[in-house]
Colleague: 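Have a look at this one before I ask anything.
What you are looking at is a predicted structure, and each value in this text was computed from that prediction instead of being measured. All values below come from the heavy atoms of this structure, side chains included, with hydrogens, waters and symmetry mates left out.
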Amino acid sequence: MDVFALTAENVSAFYPLLPEDVRDPNTEEGIVLLGAAAPEEDGSLRACGTAVLQMVDEDTWFVTWLLVAPEYRRRGAGSAMLQLACELAGQMGMQILSAVSVEPESAGDDPQYRFFKKHGFALERCTSGSYSVS
């Protein structure tokens, strides 16, 4: 599995896995797009996951999107993108990396919450409509 920051040259291969409002990696400063790709038999790479990181302030990034195509789930793509996100945050001097999800009343049952918890994140706050892990 290859994981990397998306660029104008490779982002179009990941369009089906990205929200429309962030499909241009140069659209907005403070947004980083990540992609995970799996090798095909012919040597090409197949897009299998994306993550969107948004800088909120000088020391906080939010993971506003993390999606792995169903056929590639539970193969390490999400974990690899989250690891790269943490590495990039560290390189930029970020002290906090957070993720937001919905339905706080059922956080323990939410696969996204369990994913972040498995990777060492802890529930930071719970507000109406969302919770934050860091």
Colleague: What residues, two or more places apart in sequence or in another chain, satisfy salt bridge (Lys or Arg N to Asp or Glu O under 4.0 Å) together with E41?
Modeller: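 Result, salt bridge (Lys or Arg N to Asp or Glu O under 4.0 Å) vs E41: none returned.
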Colleague: Do Q83 and E87 have a side chain donor and acceptor closer than 3.5 Å?
Modeller: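 Checked: Q83/E87 side chains pair up, N/O donor to acceptor below 3.5 Å.
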Colleague: Nearest heavy-atom pair of L45 and E40: which atoms, and what distance?
Modeller: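 Closest approach of L45 to E40, heavy atoms only: C-CG, 4.4 Å.
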Colleague: Do you know which two heavy atoms are closest between V3 and A80, and how far apart they sit?
Modeller: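 In terms of heavy atoms, the two residues are closest at CG2-CB, 3.3 Å.
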Colleague: If the condition is side chain to side chain donor-acceptor pair (under 3.5 Å), which residues does D2 pass it with, not counting sequence neighbours?
Modeller: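 D2: no side chain to side chain donor-acceptor pair (under 3.5 Å) contacts found.
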Colleague: Any chance you could measure T64, atom OG1, to I31, atom CD1, to the nearest 0.5 Å?
Modeller: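 T64 OG1 to I31 CD1: 6.5 Å, rounded to 0.5 Å.
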Colleague: Report the residues that fulfil salt bridge (Lys or Arg N to Asp or Glu O under 4.0 Å) with R46, sequence neighbours left out, ordered by chain and then residue number.
Modeller: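 Listed in chain order: E71.
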Colleague: What are the two closest heavy atoms between A89 and W61, and how far apart are they?
Modeller: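 Taking A89 first and W61 second, the nearest heavy atoms are N-CZ3, 3.8 Å.
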Colleague: Quick check for you: to the nearest 0.5 Å, what is the distance between M81 atom CE and C86 atom SG?
Modeller: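 Nearest 0.5 Å value for the CE-SG distance: 12.5 Å.
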Colleague: Do you know the tightest heavy-atom contact between A47 and A13?
Modeller: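 Closest approach of A47 to A13: CB-O, 3.4 Å.
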Colleague: Go through the steps to decide whether V68 and L17 satisfy the test side chain to side chain contact (heavy atoms under 4.5 Å, CB included), and finish with yes or no.
Modeller: CA-CA 8 Å; V68 176; L17 302 173; over 6 Å; no
Colleague: If you round to the nearest 0.5 Å, how far is CZ of F115 from CZ of R74?
Modeller: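 Interatomic distance, R74 CZ to F115 CZ, rounded to 0.5 Å: 10.5 Å.
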Colleague: Which distance, rounded to the nearest 0.5 Å, do you find between the CD of Q91 and the CG of L84?
Modeller: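 One finds 8.0 Å between CD of Q91 and CG of L84.
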Colleague: OH/Y72 to CG/L67 distance, rounded to the nearest 0.5 angstrom?
Modeller: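 Atom-to-atom, Y72:OH and L67:CG are 13.5 Å apart.
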Colleague: Whether the side chain of T50 engages the backbone of G35 through a donor-acceptor N/O pair (distance < 3.5 Å, no angle test) should be reported.
Modeller: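 Not at all, since once roles are kept as given, no pair shorter than 3.5 Å links the two residues.
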Colleague: Distance check, rounded to the nearest 0.5 Å: L33 atom CG versus L53 atom CG?
Modeller: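 Going from CG on L33 over to CG on L53, the span is 8.0 Å.
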Colleague: What are the two closest heavy atoms between W65 and P19, and how far apart are they?
Modeller: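 So the two residues come closest at CE2-CD, 3.5 Å.
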Colleague: Looking at every non-hydrogen atom in both residues, tell me the closest pair between C48 and M1 and how far apart they are.
Modeller: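 Nearest pair, atom of C48 first, then M1: SG-SD, 3.3 Å.
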Colleague: Might you work through the side chain to side chain contact (heavy atoms under 4.5 Å, CB included) test for M92 and M55, ending with a clear yes or no?
Modeller: CA-CA 11 Å; M92 296 179 73; M55 187 181 296; 3.7 Å; yes
Colleague: Before you tell me yes or no, could you show the steps for V52 and F62 under side chain to side chain contact (heavy atoms under 4.5 Å, CB included), namely the whole-Å CA-CA distance, both residues' side-chain angles and the distance that decides it to 0.1 Å?
Modeller: CA-CA 8 Å; V52 178; F62 280 124; over 6 Å; no
Colleague: Measure the shortest side-chain to side-chain distance between L18 and L6 over non-hydrogen atoms and say whether it is less than 4.5 angstrom.
Modeller: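 Of all side-chain heavy-atom pairs linking L6 with L18, at least one is under 4.5 Å.
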